[in-house]
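In what follows, a single structure is set out as structure tokens and then discussed.
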Amino acid sequence: MKAIVYYDVGDFRLEDIPVPKIGPKEILVKVKACGICSTDLFRAEYRRAKPGSVLGHEISGEVAEVGSEVKRFNVGDRVAVLHHAPCGACYYCMHGQEPLCEQYRRMNVDPGGFAEYIRVPSELVEKTVIKIPDTMSFEEGTMIEPTACSVRAISKSRIYPGDTVLVIGGGPLGLLNAQVAKAYGATQVIVADHHDFRVELAKKVGVDYAFNANKVNIEEAVKNLTEGRGADLVVVAVASTNAVHQGLRMVRWGGRLCIFGDFRDVPQPNLDIDPKLILRDDITILGSWGCAPYDYYAAFNLIRTGRVKVKDMITHAFPLEHFNEALKVISSRECMRVILKM
Ligand SMILES: [Zn+2]
Ligand SMILES: [Zn+2]
């Protein structure tokens with residue numbers, strides 16, 4: 001089968017590799033679509049991925065083969081596959097902190113979503129494969145995983161009906177956080193970004209106010225929309241310490257700031273924060289990474305019922321063979337979600 005194999009920074013190659021063999025409790029999925037997520041690209045750019053590996057984790061497809069002991073799935077089922085499954089029994093799982101579970105971090109599909117077929121291990125077959133209805137396209141199916149990460153972030157951030165939410169960063173995850181916040185009852189959602197293309201798309205998917213921070217004074221705009229208080233919740237959906245500091249200037253007393261941008265690959269990020277912000281201004285700073293199976297099911301239902309609109313967010317689709325072209329589009333920033341379509 002064909003797959004995109006990672007070798008080094010900027011070195012992805014289309015290769016022929018064997019179709020994985022499945023065990024009795026596993027399924028083989030023919031990948032129909034897979035999102036290209038910035039975390040995949042960061043892993044490649046900072047050499048956190050092993051040379052010879054296949055990336056890709058926002059996966060939907062069709063069941064091509066089922067193991068002899070699998071009851072829940074049949075050949076031909078349309079599915080979305082979450083690549084991580086918690087054990088459900090460790091200390092972290094018992095506390096609802098599934099992304100900290102050892103099994104969760106280890107578990108993955110084989111070889112990865114940038115391939116024609118994947119083997120889905122039994123732990124995932126049991127917990128994190130969802131049958132998607134005919135009304136949901138495979139393209140939409142790829143958006144369940146990133147939406148699930150937003151569901152987790154927004155529920156951890158304790159939104160109240162009527163809240164004003166500011167999202168800094170209008171990339172795919174920024175717009176998903178914004179839409180999920182609306183679904184959770186926020187009445188004003190504001191997105192700040194530096195690209196007109198993204199600002200316009202934000203409005204298209206239902207964001208109330210989207211601003212280009214190069215042209216608009218965001219701090220003033222947020223104050224004007226909140227009677228001078230600042231936002232109840234700020235989600236920082238970019239890996240920038242400047243953005244965190246900016247967010248702290250725009251969150252109200254007693255509000256929350258959620259760090260969502262993936263800082264793992266930022267060399268020596270350092271936040272200099274005045275403790276009085278936390279003590280006297282009562283600002284809660286939290287973070288959110290990954291998602292649990294229940295976030296995945298919630299995200300599936302939000303997309304299925306149109307509460308989160310993902311169709312317009314998928315701006316480009318490429319076949320596996322044109323993976324490097326897809327990367328060029330992503331680096332231009334004139335896009336939102338870019339996917340592979342097989
Ligand atoms: Zn992702
Ligand atoms: Zn666990």
Side-chain angles (χ1 to χ4, degrees), residues 4 6 31 33-46 48-49 53-61 80-109 112-115 118 121-124 126-128 130 138-154 169 171-177 179-180 235 237-239 259-265 287-296 298-300 302-303 308 310 313-316 323 326-327 330 335-340:
I4 298 296
Y6 163 81
V31 178
C34 184
I36 305 177
C37 175
S38 58
T39 60
D40 294 320
L41 302 180
F42 281 144
R43 280 181 66 195
E45 214 172 296
Y46 291 90
R48 274 200 298 115
S53 62
V54 175
L55 303 174
H57 62 270
E58 300 173 355
I59 304 163
S60 65
V81 181
L82 178 63
H83 58 309
H84 288 321
C87 76
C90 73
Y91 191 83
Y92 301 106
C93 284
M94 297 290 205
H95 289 77
Q97 296 166 319
E98 291 83 356
L100 301 176
C101 165
E102 193 270 329
Q103 176 185 294
Y104 181 97
R105 292 176 167 224
R106 176 171 39 85
M107 194 57 53
N108 215 329
V109 298
F114 301 160
I118 52 166
S122 60
E123 292 88 343
L124 303 186
E126 277 163 27
K127 293 183 182 126
T128 63
I130 295 181
F138 289 118
E139 289 91 326
E140 290 172 285
T142 66
M143 296 295 274
I144 301 174
E145 190 269 346
T147 303
C149 295
S150 305
V151 165
R152 188 165 189 87
I154 295 299
L173 271 301
L175 296 197
L176 289 174
N177 271 289
Q179 291 194 63
V180 171
V235 178
V238 284
I259 294 179
F260 190 91
D262 193 345
F263 274 91
R264 280 176 298 174
D265 296 309
S288 189
W289 174 75
C291 60
Y294 46 84
D295 302 312
Y296 198 61
F300 162 66
L302 286 172
I303 293 173
V308 168
V310 295
M313 289 183 57
I314 301 169
T315 54
H316 297 76
F323 183 77
L327 293 189
I330 292 171
C335 60
M336 192 49 67
R337 181 51 104 218
V338 178
I339 67 164
L340 293 176

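Counting starts at 1 for both ligands and their atoms, following the listed order. All figures in this text were calculated on a predicted structure; none of them were measured in a lab. Values below: every heavy atom of this structure, side chains too, minus hydrogens, waters and symmetry copies.
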Evaluate Arg152 against Glu98 for salt bridge (charged side-chain N to carboxylate O under 4.0 Å, His left out), listing each step before the verdict. CA-CA 11 Å; Arg152 188 165 189 87; Glu98 291 83 356; 3.5 Å; yes
Taking the side chain from [X] and the backbone from [Y], do they hold a donor-acceptor pair closer than 3.5 Å?
X      : Y      : result
Thr128 : Pro293 : no
Tyr104 : Gly88  : no
Gln103 : Ala85  : yes
His84  : Met107 : yes

Sequence-distant partners of Asp262, salt bridge (Lys or Arg N to Asp or Glu O under 4.0 Å), two or more places apart: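 For Asp262 the salt bridge (Lys or Arg N to Asp or Glu O under 4.0 Å) partners, ignoring immediate neighbours, are Arg264.
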Please list, chain by chain and in numerical order, all residues satisfying salt bridge (Lys or Arg N to Asp or Glu O under 4.0 Å) with Glu145, sequence neighbours excluded. none
Which protein atoms of type N, O or S are found under 2.8 Å from the Zn ion (ligand 2)?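 Correct list: Cys87 SG, Cys90 SG, Cys93 SG, Cys101 SG.
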Decide side-chain contact (heavy atoms from CB on, under 4.5 Å) for Glu58 and Ile339; before the verdict, give the C-alpha distance in whole Å, the side-chain angles of both, and the deciding distance to 0.1 Å. CA-CA 9 Å; Glu58 300 173 355; Ile339 67 164; over 6 Å; no
Hey, is Glu102 close enough to Arg106 for a salt bridge, meaning N to O under 4.0 Å?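 Salt bridge: yes.
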Sum of protein N, O or S atoms, each under 2.8 Å from the Zn ion (ligand 1): 3
